[in-house]
Amino acid sequence: MLLIPFIRANKTEVIARLAIKNFHNTELIDQVLQLDDLRKNLQQELDELLAEANSIAKQIGLLFKEGKTEAAAVLKARNSQIKEKTKELNQKLAETKDQLNEKLVEIPNLPHESVPPGKQASDNITVHEEGIIPKLPENAVPHWDLISKYDLIDFELGNKVTGAGFPFYKGKGARLQRALINFFLDEAIKAGYQEVQPPLMVNEASAFGTGQLPDKEGQMYTIGADKLYMIPTAEVPVTNIFRDVILQEKELPVKTTAYSSCFRREAGSWGKHVRGLNRLHQFDKVEIVEVVHPETSYQTLEAMKAHVAGLLQKLELPFRILRLCGGDMSFTSALTFDFEVYSAAQEMWLEVSSVSNFESFQANRMKLRFKDNNGQINLAHTLNGSALALPRIVAALLENNQTDDGINIPKALQPYTGFERID
RNA sequence: GGAGAGAUGGCAGAGUGGUUGAAUGCGGCGGUCUCGAAAACCGUUGUUCGCUUUAUAGUGAACCGGGGGUUCGAAUCCCCCUCUCUCCGCCA
């Protein structure tokens, strides 16, 4: 969430920049500022009363020691009255804080100045494109046909055991998955990220910390009996490692990578865009997360992009990078680049990674700070990116590398798969 | 799941109603000493919110797992919740 003093000092700019994200609720901004004023007034009033009560209580203590019980009784009565007032004020203050927070949390992050305006995916800007789109054989087919031809993934079985969108990976299909996970993790470790294996469920506070709550409750699977949420991405448990943490400046940057299964309800999507591996309820992903000094977060964003691009180059996949427009960006992001690979048989670009700088938005929500060398406490910046999401990578690998009698595995991956071809 | 014990500052650990934001030790930071370092010694050491002609300053308030209560006054008494540990049961 945004800092109130910042909103107050830059109200016009805040409104203008939120408009890029198609957020036009200026009333909400005003309400936040008004509630904050009220909060301050109540705080002041309450503090004064409490100060008086404290001093009287001390006097009573002294009077008792001197045996002046009558004088003490007078003060006691006075303090009882003050106490009634503080109770009232306290309640008002708590209510005001709740209301303020409720509103504040509804204001999205400000987009970076380089974010183009726009309403939907078609307004995104392609900033980079590389790799060769392969010429497929005459009888080339989409990955779902290849998957059944070589018996790599069983959707029907997943359907039986769990439901649509929860496939079984089998044989070389399963081994390809495992190879990709190890490849991605090893590359991340080489780039200086520390590996963690996070829990696959998180509590409410964590889901709030990274911004899934209160907004996107519907996106997550919930474990109602235990008030837990299945993670939609490893970003959630990994970033929340740092919730309520004050780091030392010299500890920055903190670079973390994690492999996890991800669970997304994604209700209401049908058609060929969700066919095969294009969209699943459970999928695997390797995520990279960084906590950095505010001054270096945009350099870090570039480094993360380079890392993701390197992975796709090694996998020999044609890809492009998009600068997301205001309307297509997430609530929490300040600047996001999407990576899409070309899936040659579907003749479609598939999103395989999203790399974002959240600046201090998440950090403010989860109170992730660092103490600088002058002893000052500041909010850190957080970033994350997929490096990479598996299913669509698998789809593109299968389609782009198909031949009449098999599928070739890219060289970089062969040490991990232990085989060079699927046939 | 059953029984018991506990939750205090970065860590360890005192504190059972009245200048206790909290002894002491360790760690951290600054200094003295030293060519330098170690040792020793001295000093310092949390977070949040408010106010003060925004001040690496002053001042008020809050915080001893979380929430509520008793009291003029609570880390200290009472209630609820959460978590941790030990033993038993179960289990990979």
Residue matched to [N] through Watson-Crick or wobble contacts both under 3.5 angstrom:
N	answer
B:rG58	B:rC51
B:rC63	B:rG46
B:rA39	none
B:rG4	B:rC85
B:rU70	none
B:rC11	B:rG25

May I ask you to evaluate whether [X] reaches the phosphate of [N], defined as a side-chain N or O under 4.0 Å from OP1 or OP2?
X	N	value
A:Asn54	B:rA62	yes
A:Arg369	B:rU48	yes
A:Arg39	B:rG50	yes
A:Lys371	B:rU47	yes

Please tell me which of the listed nucleotides, [options], lies nearest to the side chain of [X]?
X	options	result
A:Ala51	B:rU47, B:rG60, B:rA62	B:rG60
A:Lys87	B:rC72, B:rG46, B:rU70	B:rU70
A:Lys83	B:rU70, B:rC49, B:rU47	B:rU70
A:Gln43	B:rC49, B:rU71, B:rC72	B:rC49
A:Lys40	B:rC51, B:rG46, B:rU70	B:rC51
A:Ile60	B:rA61, B:rG46, B:rG18	B:rG18

Ring-plane angle category for [X] and [Y], please: parallel below 30°, perpendicular beyond 60°, tilted otherwise.
X	Y	result
A:Phe331	A:Phe361	perpendicular
A:Phe183	A:Tyr416	perpendicular
A:His281	A:Tyr221	perpendicular

* Taking A:Glu399 for its side chain and A:His143 for its backbone only, find out whether a donor-acceptor pair lies under 3.5 Å. => yes
